[in-house]
Amino acid sequence: MPIAIAVTSADLVLPPTDQSTPGAHVLTPPEQQEFADTLSEIGTLVERHGHLIVLYPATTPRSHVQRLHAVRAMLESDRIALLPSALPPLGTAVLVRQLRQLSVCDFSAGVLGASARLLAHYIYAGALLGSANRLDRLPVALPQPAPNGARPPAGQCAVLAGPTPQLVQADGEGALAGPQFSTALTYAPGSLGSEWVSGRLARQWQVQAIHPVPLPQASTAWWGTPKVVEFAAAIPDVSLLYQMVSSVRQEACHWCGLTLIGDRCAFCSAPVAQQERRPRAIAASARRRAIGAGRPAEGTASRAQASQPHAPEHRPRAAAPQQAIPRYRGAGPGAR
């Protein structure tokens with residue numbers, strides 16, 4: 001039986017793109033369920049599937065997150081991973097779908113849970129907004145008034161939340177930086193026309209497929225306006241996703257023992273132990289013997305030094321720039 005994937009709202013469970021993708025369990029909000037019932041619900045999932053990965057938006061109400069952590073503590077289980085996602089609502093839903101695809105593969109629970117950080121780096125999530133005046137979640141520069149005091153140009157704005165935040169005028173010459181690899185575009189229209197997303201953006205990003213879905217309930221608050229068309233471009237092929245994850249170096253968690261990728265365990269949150277790489281200290285007696293044995297005769301040191309050619313100054317090589325395309329040797333956040 002595949003590893004269980006759970007979410008905190010039903011609109012995070014997108015329709016599968018193939019017949020082999022399993023569903024995800026939707027957890028009941030705390031205001032609609034007693035604590036004992038939540039304890040039984042999650043405990044049953046863990047016993048049935050062995051491990052449970054819960055993915056929820058970072059904007060999830062605090063009461064719901066506290067309930068999840070309380071249940072995990074009461075069960076005293078290291079088989080439950082609670083993973084917040086900083087992606088917009090639709091981007092989080094696309095990430096959940098990718099984890100569902102990989103849950104039927106032969107990955108261990110630790111590797112599957114830790115892969116969420118890697119996969120999130122390759123999801124291009126954004127939105128077309130009627131206005132960006134109330135957009136306060138992203139570090140992007142809003143259109144500024146002209147020097148003569150005139151209003152900034154009106155019109156729709158296209159915003160990219162990740163991997164790198166960006167804002168451009170939808171009807172201007174600027175373009176959002178898109179993926180340099182094959183993707184499928186999922187979009188969710190609100191009270192705004194979606195022709196720009198399904199037409200111009202899809203052509204610019206050269207997407208292989210387009211999937212319209214209903215707008216998640218949290219999207220309006222996340223983007224600050226009901227006039228929104230949310231979109232997310234991501235890798236749809238499970239074989240390519242499998243290759244990306246399996247090519248990253250795997251290590252054993254020193255705390256819970258699970259196999260993981262990246263720099264932190266998804267289940268116990270323990271960081272990967274850094275191996276000591278400093279050279280061992282030389283004992284004082286051994287150091288004196290080494291110095292004495294290697295000391296030149298008096299008067300010969302200066303002549304030897306003078307006859308030695310000066311070694312060229314060593315300068316460290318500049319690090320190679322990272323590519324924007326998926327690097328199947330462990331690129332991505334937390335990859336080693």
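The list of ring-ring contact (aromatic ring centres under 6.0 Å, His included) pairs with a residue in residues 90-113, not counting sequence neighbours, reads Phe107-Tyr242. Residue pairs meeting the side chain to side chain donor-acceptor pair (under 3.5 Å) criterion with at least one partner in residues 186-209, sequence neighbours excluded, are Arg97-Thr186.
A side-chain donor-acceptor contact under 3.5 Å links Gln33 and Thr38.
Residues Ile42 and Leu99 fall into different hydrophobic clusters, defined by Ile, Leu, Val, Met, Phe, Trp and Tyr side chains chained together at heavy-atom separations under 4.5 Å. Connection of Val104 to Val245 is not established within any shared hydrophobic cluster, with ILVMFWY side chains joined at heavy-atom distances below 4.5 Å, either directly or through further cluster members. No continuous path of ILVMFWY side-chain contacts below 4.5 Å connects Leu55 to Leu45, so the two sit in separate hydrophobic clusters. Note on Leu119 and Leu90: same hydrophobic cluster, where clusters join Ile, Leu, Val, Met, Phe, Trp and Tyr whose side-chain heavy atoms are under 4.5 Å apart, directly or indirectly. One hydrophobic cluster, built from ILVMFWY side chains closer than 4.5 Å, cannot hold both Leu12 and Leu52; they sit in different ones.
Counting heavy atoms from C-beta on, the side chains of Arg117 and Asp263 come closer than 4.5 Å. Using a 4.5 Å heavy-atom cutoff, the side chains of Gln101 and Thr17 are in contact. Annotation: side chain of His51 is not in contact with side chain of Leu112 (no heavy-atom distance under 4.5 Å). Counting heavy atoms from C-beta outward, Trp223 and Leu138 have side chains that approach closer than 4.5 Å. With a 4.5 Å cut-off on side-chain heavy atoms, Val213 and Pro15 count as touching. Considering only heavy atoms from C-beta on, Thr59 comes within 4.5 Å of Arg137 through its side chain. Inter-residue side-chain proximity for Leu260 and Cys265 is flagged as met; some heavy-atom pair is nearer than 4.5 Å. Thr8 is listed as a side-chain neighbour of Leu68, based on a closest heavy-atom distance under 4.5 Å.
Note: His69 NE2 to Arg72 CZ = 8.5 Å, rounded to the nearest 0.5 Å. Summarising the geometry, atom CD belonging to Gln243 is positioned 9.5 Å from atom CG belonging to Asp237; distances are rounded to the nearest 0.5 Å. Note: His121 NE2 to Tyr124 OH = 7.0 Å, rounded to the nearest 0.5 Å. For the atom pair Met74 CE and Phe35 CZ, the distance stands at 5.5 Å (nearest 0.5 Å). Between the CD1 atom in Ile261 and the CD atom in Glu251 there is a gap of 11.0 Å [rounded to 0.5 Å]. Summarising the geometry, atom NZ belonging to Lys227 is positioned 12.5 Å from atom OG1 belonging to Thr220; distances are rounded to the nearest 0.5 Å.
Residues Gly91 and Ile123 come closest through the heavy atom pair O-CD1, 4.0 Å. Here the shortest heavy-atom pairing between Ser182 and Pro236 reads O-CD, 4.2 Å. When all heavy atoms are compared, the tightest approach of Ala116 to Leu95 is O-CD1, 3.9 Å. Ala188 and Pro216 get closest at one heavy-atom pair: CB-CD, 4.1 Å. In terms of heavy atoms, Ala10 sits closest to Val26 at N-CG1, 3.7 Å. Between Ala109 and Ile53, the shortest heavy-atom distance links the atoms O-CD1, 4.2 Å.
Remark: the backbone N or O of Ile5 is not paired with any side-chain donor or acceptor of Arg100 at under 3.5 angstrom. Between the side chain of His254 and the backbone N or O of Pro271, at least one donor-acceptor pair lies under 3.5 Å. One N or O on the side chain of Gln180 and one on the backbone of Gly178 form a donor-acceptor pair closer than 3.5 Å. Between the Gln98 side chain and the Ile235 main chain, a donor and an acceptor come within less than 3.5 Å of each other. Under the 3.5 Å distance criterion, the side-chain polar atoms of Glu230 are left unmatched by any main-chain donor or acceptor of Ser219. Ser40 places no side-chain N or O within donor-acceptor distance of the main-chain N or O of Asp37, the cut-off being under 3.5 Å.
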Step by step, work out the side-chain contact (heavy atoms from CB on, under 4.5 Å) result for Val96 and Leu14. CA-CA 8 Å; Val96 170; Leu14 297 177; over 6 Å; no

Let's go through Leu192 and Val228 carefully: what are the C-alpha distance in whole Å and the side-chain angles of both, what is the deciding distance for side-chain contact (heavy atoms from CB on, under 4.5 Å) to 0.1 Å, and is it a yes or a no? CA-CA 6 Å; Leu192 201 64; Val228 57; 5.8 Å; no

Could you walk me through whether Ser108 and Leu258 pass the side-chain contact (heavy atoms from CB on, under 4.5 Å) check? CA-CA 8 Å; Ser108 66; Leu258 289 177; over 6 Å; no

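Atom CD of Glu34 is surrounded by 12 or fewer heavy atoms from other residues, nucleotides or ligands within 6.0 Å. Taking a 6.0 Å sphere around CD of Gln217, one finds it holds 12 or fewer heavy atoms contributed by other residues, nucleotides or ligands.
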Using residues 79-87 as the side-chain source, report each donor-acceptor pair under 3.5 Å to any protein atom, sequence neighbours left out, with the distance given to one decimal.
{"unit_1": "Arg79", "atom_1": "NH1", "unit_2": "Gly50", "atom_2": "O", "d": "3.3"}
{"unit_1": "Arg79", "atom_1": "NH2", "unit_2": "Glu47", "atom_2": "OE2", "d": "3.3"}
{"unit_1": "Ser85", "atom_1": "OG", "unit_2": "Leu87", "atom_2": "N", "d": "3.3"}
{"unit_1": "Ser85", "atom_1": "OG", "unit_2": "Thr92", "atom_2": "OG1", "d": "3.1"}

